[in-house]
Peer 1: 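Here's a structure for you.
All ligand and atom numbering here is 1-based and tracks the order in the structure.
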Amino acid sequence: MALFVQKYGGTSVGSLDRIRNVAARIAKTRAEGHDVIAVVSAMSGETDRLLGLGRELSERPAEREMDVLVSSGEQVSAALLAITLEAQGIPAQSLMGHQARIMTDSAHTKARITRVADERLREAIGEGRVVIVAGFQGIDAAGNITTLGRGGSDTSAVAIAAAVRADVCEIYTDVDGVYTADPNVCPSARKVAQISYEEMLELASLGAKVLQIRSVELAMKYAVKIHVRSSFSDAEGTMVTGEDESLESVVVAGVTCDKKTAKVTLRMVKDEPGVVAGVFEPLAEQNVSVDMIIQNVAIDGRTDLTFTVSQDDLARAKDVTEALAAKMGSGEVLIDDDVVKVSIVGLGMRSHAGVASKMFRLLAKEGVNIQAITTSEIKTSCLIGAKYAELAVRVLHDGFGLGQEI
Ligand code: ASP
Ligand code: MG
């Protein structure tokens with residue numbers, strides 16, 4: 001007998017029929033002799049709808065109240081699922097975040113879980129019930145309802161799985177696993193059976209939206225096995241686990257493309273100590289996170305400084321940089337949001353030389369110009385023109401042999 005945490009995303013509980021389908025899945029797991037804690041998202045579209053209502057009434061709605069508002073979405077789906085199970089004769093009980101003792105800090109709309117006091121969960125399981133926990137929400141030390149940021153139900157599920165030492169945390173979604181590339185872009189993309197936490201973290205932060213990044217960080221910290229799979233099929237999905245568990249030793253595990261990036265160039269800045277700090281400090285103060293940075297060799301004591309930011313931060317980045325240019329007496333500010341960042345990710349890059357150079361060659365053969373590069377131990381990213389996005393993903397995917405069965 002095992003203890004399963006099963007998280008069902010918005011599309012999986014998007015209608016009453018789909019909630020019945022989830023109940024059937026839980027019933028099946030129970031019939032196989034296992035205990036189940038289900039964690040649910042709001043019905044698809046509901047969180048956006050609720051956010052819209054709040055924003056219609058105020059330009060700057062109080063974050064505390066927005067958390068009270070949006071957390072109601074998960075309350076509804078948790079209750080509906082419990083009602084469905086009970087109607088089928090399966091004892092079930094829904095618990096809101098505060099009832100399940102999901103303790104968080106007080107950062108409304110993006111709170112972090114600090115602790116899960118699991119007594120209530122264990123008690124209900126001990127009574128032979130299916131426990132259904134409203135995802136995405138918790139409670140701070142002062143008793144306020146908090147939420148965990150968009151996609152936060154994944155993190156609720158992993159935190160609960162860690163606290164109760166579940167055998168596995170299944171994340172049910174509308175795709176059947178993690179793919180070597182976006183199958184909509186790359187027809188030869190294939191589902192991977194297993195991937196490491198590190199690779200998944202890189203893929204998640206590069207824009208593969210299967211799991212909330214924090215959930216992967218938490219799973220890695222507490223060694224929670226995650227199984228990403230579809231609630232619409234019985235096919236095995238992708239296991240996200242530690243490295244040691246007989247992972248396929250591939251050099252490149254996946255290719256991603258981040259379209260929400262933009263390039264800012266500050267022309268003719270003075271090449272002297274303190275200038276770079278003087279540019280990036282005010283950006284940080286405005287909460288702009290900078291990704292790639294390039295500074296060229298100076299000519300006559302002046303150089304160009306180029307960096308990339310998320311398109312969400314571009315307006316702020318432009319204001320800050322233009323103000324700086326005026327203050328420092330440097331050249332003009334150039335903005336280019338017609339760029340994308342393509343990346344390859346894989347643990348094997350640690351031990352294989354020549355992976356980055358192969359990436360550059362593959363892009364060059366297609367006439368794709370590389371505007372900036374960054375690397376980490378297990379990732380290489382190139383900034384390229386937006387019109388090459390799809391071509392680049394396909395060329396890299398097939399060039400590194402990802403389309404073939406290994
Ligand atoms: N309902 C929340 C959202 O849409 C949380 C989640 O689905 O994970 O972001
Ligand atoms: Mg999600």
Peer 1: Would Gly135 count as a contact residue for ligand 1, given that I'm defining contact as a non-hydrogen atom of the residue lying under 4.0 Å from a ligand atom?
Peer 2: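 Flag not set, Gly135 not near ligand 1.
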Peer 1: One residue to check: Glu74. Relative to ligand 1, which of side chain, backbone, both or neither has a non-hydrogen atom less than 4.0 Å away?
Peer 2: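 Within the 4.0 Å criterion, Glu74 contacts ligand 1 through side-chain atoms alone.
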Peer 1: So, Phe280 versus Phe307, ring centres under 6.0 angstrom or not?
Peer 2: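 Ring-ring flag for Phe280/Phe307: true, centres closer than 6.0 Å.
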Peer 1: Below 3.5 Å, N or O to N or O, backbone or side chain included: is there any such pair between Asp154 and ligand 1?
Peer 2: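 N/O-N/O distance below 3.5 Å does not exist for this pair.
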Peer 1: Give every donor-acceptor pair under 3.5 Å between a side-chain atom in residues 216-224 and any protein atom, sequence neighbours left out.
Peer 2:
none

Peer 1: Step by step, work out the side chain to side chain contact (heavy atoms under 4.5 Å, CB included) result for Tyr197 and Val240.
Peer 2: CA-CA 6 Å; Tyr197 296 124; Val240 188; 3.8 Å; yes
Peer 1: Can you name the atoms of ligand 1, numbered from 1 with element, that are less than 4.0 Å from a heavy atom of Arg150?
Peer 2: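 Numbered from 1, ligand 1 contributes 3 (C), 4 (O), 9 (O).
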Peer 1: How would you list, by chain and number, every residue that makes a ring-ring contact (aromatic ring centres under 6.0 Å, His included) with Tyr388, sequence neighbours excluded?
Peer 2: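 So Tyr388 forms no ring-ring contact (aromatic ring centres under 6.0 Å, His included) with any residue.
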Peer 1: Please check whether Gly149 reaches ligand 1 - meaning an N/O of the residue sits under 3.5 Å from an N/O of the ligand, judged on distance alone.
Peer 2: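 Not met; the criterion fails.
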Peer 1: Should one rank Ala42, Ser41, Ser44, Gly45 by closest heavy-atom distance to atom 7 (O) of ligand 1, which comes out on top?
Peer 2: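 Closest candidate by heavy-atom distance is Ser41.
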Peer 1: Taking only non-hydrogen atoms of Gly9, do any sit less than 4.0 angstrom from ligand 1?
Peer 2: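 Checking ligand 1 against Gly9, which is what was asked, there is no heavy-atom contact under 4.0 Å.
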Peer 1: State which residue, out of Leu383, Thr308, Asp258, Val309, fulfils the side chain to side chain contact (heavy atoms under 4.5 Å, CB included) condition with Asp291.
Peer 2: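 Single side chain to side chain contact (heavy atoms under 4.5 Å, CB included) partner of Asp291 among Leu383, Thr308, Asp258, Val309: Thr308.
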Peer 1: Should Lys7 be counted as touching ligand 1, given the test is an N or O pair under 3.5 Å?
Peer 2: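 There is no such contact.
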Peer 1: Is a side-chain N or O of Arg394 found less than 3.5 angstrom from the main chain of Val185, in a donor-acceptor match?
Peer 2: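 Looks like yes, one N/O pair under 3.5 Å.
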